[in-house]
Structure formats: structure tokens, C-alpha cells
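The structure appears below as C-alpha cells.
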Amino acid sequence: MESVAAPRFSGVPGWLRGPLPILLSLPILALAQWATAQAPFLVYIASIVGVNVILAVSLNIVNGMTGQFSIGHAGFMAVGAYIAGKFSLETKDVYLPFMQSVAASDQLMFVFALLLGGAVAAVFGFLVGLPSLRLKGDYLAIVTLGFGEIIRVIVQNTEMFGRALGLSGIPQRSSIFMVMFWVFLTILAARRIASSAHGRSLLAIREDEIAAEAMGVNTTAYKVRAFVISAFFAGVAGGLFAHFVGIINPGSFTFVKSMEIVVMIVAGGLGSTTGSIVAAVFLTLLPEALRSIFTQLGGGDQTLAQRVDQIRMPIYGMLLVALMLLRPQGLFGTKEIWDVAPKWLSRRRKGMR
Amino acid sequence: MNLVPGEPLLHAKSVSIQFGGLRALTDFNLEIHKGDLKGLIGPNGAGKTTAFNVLTGVYRPTSGDVFVSGNRINGRKPHQINRLGVARTFQNIRLFKELTAIDNVKVACLSESYSVVRRETLDRLERGTSALWFTNALHALNNYVDWWRALLLTPGFLREEAEVTKKAEGLLETMGLLHRRDEEARNLPYGEQRRLEIARALATNPKVLLLDEPAAGMNTREKADLMVLIRELREKFSLGILVIEHDMKLVMGICEHITVLDHGETIAAGGPAEVRTNPKVIEAYLGESFAAAHAAAAGSGA
Ligand SMILES: Nc1ncnc2c1ncn2[C@@H]1O[C@H](COP(=O)(O)OP(=O)(O)OP(=O)(O)O)[C@@H](O)[C@H]1O
Ligand SMILES: [Mg+2]
């Protein structure tokens, strides 16, 4: 845990410290946008990776930092996706007259859609967080699982959301810039919360709820708030997803999706933001890599690759079992990469001597 | 503050608690005033830790009342009681193991982290009202604003972080732990973990400090040092202190008033000399002297 007022910002005036990383990210993101303009497949893969990173980092706030076990994250993603998607569908042709161009107007509407999706998901986060006032461990897990499934079933039976067919024709307003910007915001928020009084309270709840309560931490309220912020970002991730695939249906937000995210944060180390990022990137790219490898092996024929894709979950499972046997605390444990990497490096150096 | 002069900071009035058929505490009475240093002793399973748990809201008394600065606290949550000025340590050390020593203390430094309505104001409101939903709403408002302050790293937020860090460092220094600042709590030696628990409890700005066997597992020298330290803390932070301790000699040495429990019943209460010569106490303790010698190894209760 490093403190926020770390000396690495010492030369920067106080008011600039907050927005500085965001300001610095903008030109880099713009560059990325420009560089990938001719590579739609790359953008697509990067967007999927980005959405999964947001999901993993946000779920880690509840499961890793606060120590509550939620396994219904896809439910919040679904809420965000459907709300944002529906909003954009309905306002497809709205042009904000004060914007210079249609494209700019669309982007602003897109941001509205994302914030709306995130906000509604946050409300659901609050509602699901409430039972966590009373439930612990397995029981909470079951409630969150149930929530995820309930959302899916509700959507599946609502005319407005296209029932089993879902929503299609959602304007594809997403861009690598927007996805990565939100990835960046999510990570920044997670890190900054972690090193604030708020985050310390969450960590204290994870470590010892009775002691945290005895030290004046309103554990129930903090748990609910962890759910709220986590759900907000999951909702935004859903919104982004809806706007780059253009079609969403209940099948995109099943229990399997929730489990994928849980696997990511467990593999990365519960409580480690950088671990969640690394695991989310790796586990998202892995099936894509497998697909292209087996397409090549099959001499361009997709059938072999498709077969392999079908056993993706078993492969995930085996990887997870292997990881849990070799490194039960996950990749980085509860630490961040900069806490762990120096130790690994120095150990290797010692080993060489 | 609505504290009448002479009103105890912590007051248990004929408190009883039952677990099923087990009467863990019967008709327990206690007053802690500012500047008090009192002891709570008794053989294993006498109900000492249970008394702490009732006083801090972990358990609700089956009958009787507990008052903190004149507020009846039956049924209030532990964190609310802590905010009223009662802090404690745990017999079976409950540090935040994976957090550093300083972060353990900073968790408890909540008092400075409020922005919209000052924490002190809220604490005062909470003392004066029974409409806790109202103060809860204000707490929530504060917290949501604090999020944004943390996310945006506002100058006010950074200043408060720096203040909290300074306060925590000061407390670590008081407890002789500053050299352990950035070490994980679980890696500290036993005696230091106990002292870190006290530092953490002090960070909540208590008026009353409850110490559950703070010297357990320490050697004779460490114990003696700790007892001196406890006396100093009372002066430095103008506290009322209640200590559970198995070592009769130690308790007799520092406490001005001692309550003796046995099977949940108060068998004696008074000054050290009075208690020492009480036949009931002698009986309870002689019968248990063998067990008491091994008490250090025991670790039950919350
Ligand atoms: N939550 C509980 N449920 C049931 N029984 C309990 C509970 N907490 C404590 N007890 C019982 O109450 C009695 C008093 O326990 P307590 O922990 O208060 O003793 P103690 O005086 O602190 O002893 P020690 O010196 O061993 O710490 C014991 O018999 C214990 O088993
Ligand atoms: Mg005890």
C-alpha cells in the first residue's frame, strides 16, 4: 500500500495532481486511435480486452479489496449494456445543436449513454449490496449469482429489450479511444480509492470485520458502497460492449461470463488491481490466440479452431486448478506488481550468483 | 457535549447476558470515569471478555443497560459505540494482518476524513439524538463526497491524508513502533502486535480504553514496561482505562480498583488490598491457580 501523497508527484502543483494522469493519457489514447484506424480486428480485440479489464478491476473492488464474494458481475454488465444500448437506439438520430458536427454530437450522446448505464447499474449495485448487510461468504455468493440470473431472465422476457433476440442495430459509436479511456479511469479510480481512507476501510473489512467495526468503520455501509462503485464500472463496461458489438442478447451475460471475471481476479490475485489487469488481458487473449493457432493448424479451416473454442471453459478450469496448486494466492497475491516484481527480480539475481 | 459532571464515561448497570442456558455475565456493574485505571480479573471463562463484548456492542445485554457518556447504547452497533468514545483491543489479536503497521493505525483515524459535516459535529449529534437514521444519512453523504475527493485528489484530501499519516506516525512512536512503520502487521513479533493494537485503538480518539489481556504472551520485563506505558497513556490521552489481566501481581500493581468475576458473577470489587484479602477471591483463585498459570496459552472470545 503506498500513500497517495507519494513524492513522485512532488514537483506538480496540488490542483494538477488529480487530473494530471488523465490529461497525460489523452494524447496517448489519441495516438492509439490514429494508429489503429486501419485495423478493425485489432480494435475489436483491444475493445474486448478493455471491457474485460474494466470488469475485472471493478469486481476486484468488491471481491478483492472488501473481501465479499460476488459472482454476479455479468448482471451489472447486462444492466449497463441494455440501458445504454436502448438509450442510444432511441436517440439514434438526435443531434445536439451546440456540437460542431454530427460525429461529435454522437460521441457526447455515447458518453451520456455510458454514464446512464453505469448509474442504473450502480442503483442495482446498491440493491444487491443491501443483502450483504446480513449475508456472508457462500450465502452472499448465492444471492449475487441469483441476481445475475434474475436480470437475465427479466431481460429475456421484456418486450422493450427484445426478449431472447436482444437489441440489435445499436449505433457502433465505440472507439479504442473511448474504451481505453474508461479502462484508464477505472484503474485510476480503483487505485485512488485503495489508497484513501475509504479504501483502507474496505481493506480493513476484508482483513477482519469485527476489528474494523470496533475501530469505528461502519462495515455494512462500506460494503454497500463497494458494490455501488463496482457496479457502476461494470455498467459502463456493458455500455461500451453494446456499442462496439452493436448486438446484445441475454446470452452475452450468463453465469459463464460472471465466472470468467471471477477467474480473472482470482488468477491475478484477489485484491491486486494490477493482477486483475494482467489476468484479464491474458485470459482474454488466450482464446483468441488459441483460435488463430488452431485455424493455422487446420490449414485455414475453422472447424478445428471452433472445436477448441468449445472446450475453452475446461481449459480455463485446468489453468485455474494448476494456478491454485502452484500459487494459491494468485499471481500477485493481494499486492501490486510494483510491490512484487522487485522481489522476484532480486531473487532471480541472487539465484544466478 | 451533554456530559454532566461526575457522570461516568462508561457505565454498566446490572448487565446480564445469557448464551442459551449459560449465564456468562450476571448483574455486572461498572463505572469508568476520566482518569480511572481499573482492572477486571477472574479465572478462565469467568466472563471478562464477554463483559468487554457487551460494553462495545458486540453482544446486546439480555438485561440491564450500558451507558456511554450518558447515552444508553444497548443495541447500538460497535462502530457507533466506538464513535462515542470507547475503544478496545482484543485478547486474540485482531490486527489487519496484511496491512502495514501504519495502515492499521490509519484505518482507525477516521475522525479526520470528513468533509461535508465535520466528524466531531456528527459525533456530537449522535450523542444527543436517538434519530440515528438522520446521522447515518449525513455519514453517507460525507462518504460519497469523500469518494470524489479521493478520486480527484483535491488539495483538501491530500492535506487530510498527510494529517492522518502524521497522527498515525505519532501514535506508532508513542507505542515504540515507528521503526515498524511499513512492515505488515502479521510479521511483527507478538509483543509488538499487542502494542500495535493499542496504537490502533488510540487512533479512534477514545475517552475510554478497554484492554483485553494486553500483556498476554509477554515476558516479565515486557509486561512491566507495558504497565508503565499504560499509566503514561492514561495521562497523555486523559483516558479512563479498564484492563483485563490474568497476572494478579500486575493488576494489583497498577490498578486502583479491581472487579473480580467468577462464573459471570462479581465476587468482589474494590481496591487492591481489599480484593486481595477477600476470601471468595482467594478461593476462586487458589482453585484456579494452576489454570491461571497456563492462561497465556488460552485464547477464547471475540
Ligand atoms: N458467543 C458465545 N456463545 C456462547 N457462549 C459464549 C460466547 N462467548 C462466550 N461464551 C461463554 O461465556 C463464558 C465466558 O467467556 P469469556 O470469553 O468471557 O471468558 P473470559 O473470562 O474472557 O476467559 P479467558 O480468561 O479464558 O479469556 C465461557 O464459558 C464461554 O464459553
Ligand atoms: Mg477473555
Side-chain angles (χ1 to χ4, degrees), chain A residues 1-6 9 12-22 67 126 133 185 188-222 224-226 228-229 232 270-271 329 333-335 339, chain B residues 56-58 77-83 86-90 93-100 102-114 119 136 139-140 143-144 146-147 149-162 164-165 182 185 197 200-201 203-206 302:
Chain A
M1 241 10 347
E2 104 273 47
S3 95
V4 181
F9 284 130
V12 182
W15 59 269
L16 197 58
R17 282 188 206 179
L20 186 65
I22 298 168
F126 180 77
L133 299 175
L185 274 187
L188 196 68
R191 287 299 308 152
R192 283 188 176 170
I193 285 178
S195 47
S196 73
H198 201 279
R200 283 193 295 272
S201 299
L202 299 184
L203 296 173
I205 293 171
R206 175 188 76 194
E207 295 294 313
D208 192 320
E209 208 172 322
I210 291 177
E213 183 75 26
M215 294 307 128
V217 176
N218 187 351
T219 54
T220 48
Y222 274 95
V224 174
R225 279 165 220 158
V228 169
I229 195 155
F232 172 80
L270 277 172
Q329 73 274 43
T334 57
K335 304 286 181 299
D339 301 322
Chain B
T56 55
V58 177
K77 295 241 186 83
H79 74 265
Q80 293 168 326
I81 296 168
N82 173 266
R83 296 312 317 157
V86 182
R88 72 176 289 186
T89 64
F90 295 90
I93 306 183
R94 284 180 170 271
L95 287 168
F96 307 124
K97 292 195 188 68
E98 290 206 17
L99 305 191
T100 58
I102 186 128
D103 275 340
N104 265 273
V105 181
K106 280 163 88 175
V107 165
C109 292
L110 286 167
S111 45
E112 278 78 9
S113 78
Y114 269 43
R119 188 116 205 178
N136 280 345
H139 276 294
N143 266 297
Y144 282 103
D146 276 350
W147 266 7
R149 286 154 38 92
L151 290 179
L152 301 174
L153 294 187
T154 62
F157 168 80
L158 291 173
R159 195 177 345 102
E160 271 167 20
E161 273 297 301
V164 165
T165 307
D182 296 314
E197 272 222 342
R200 186 178 68 172
T204 65
N205 297 338

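Small disclaimer: the values here were computed from a predicted structure and weren't measured. Below, chains carry the letters A, B, ... as their sequence lines are ordered, and counting in each starts from 1.
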Go through the structure and list residues passing salt bridge (charged side-chain N to carboxylate O under 4.0 Å, His left out) with A:E209, not counting sequence neighbours.
A:K136, A:K223
A:A221, part contacting chain B, at a heavy-atom distance under 4.5 Å
neither
So for A:I22, is it side chain, backbone, both, or neither that comes closer than 4.5 Å to the heavy atoms of chain B?
neither
Contact part of B:L152 toward chain A, heavy-atom cut-off under 4.5 Å: side chain, backbone, both or neither?
backbone
For A:F126, enumerate each residue passing the ring pair (Phe, Tyr, Trp, His ring centres under 6.0 Å) test, keeping only those at least two apart in sequence or located in another chain.
none
A:R200 charged N/C atom sitting above B:F96 aromatic ring, 6.0 Å / 45°
no
So, the side chain of A:E213 versus the backbone of B:K77: is there a donor-acceptor pair under 3.5 Å, distance only?
no
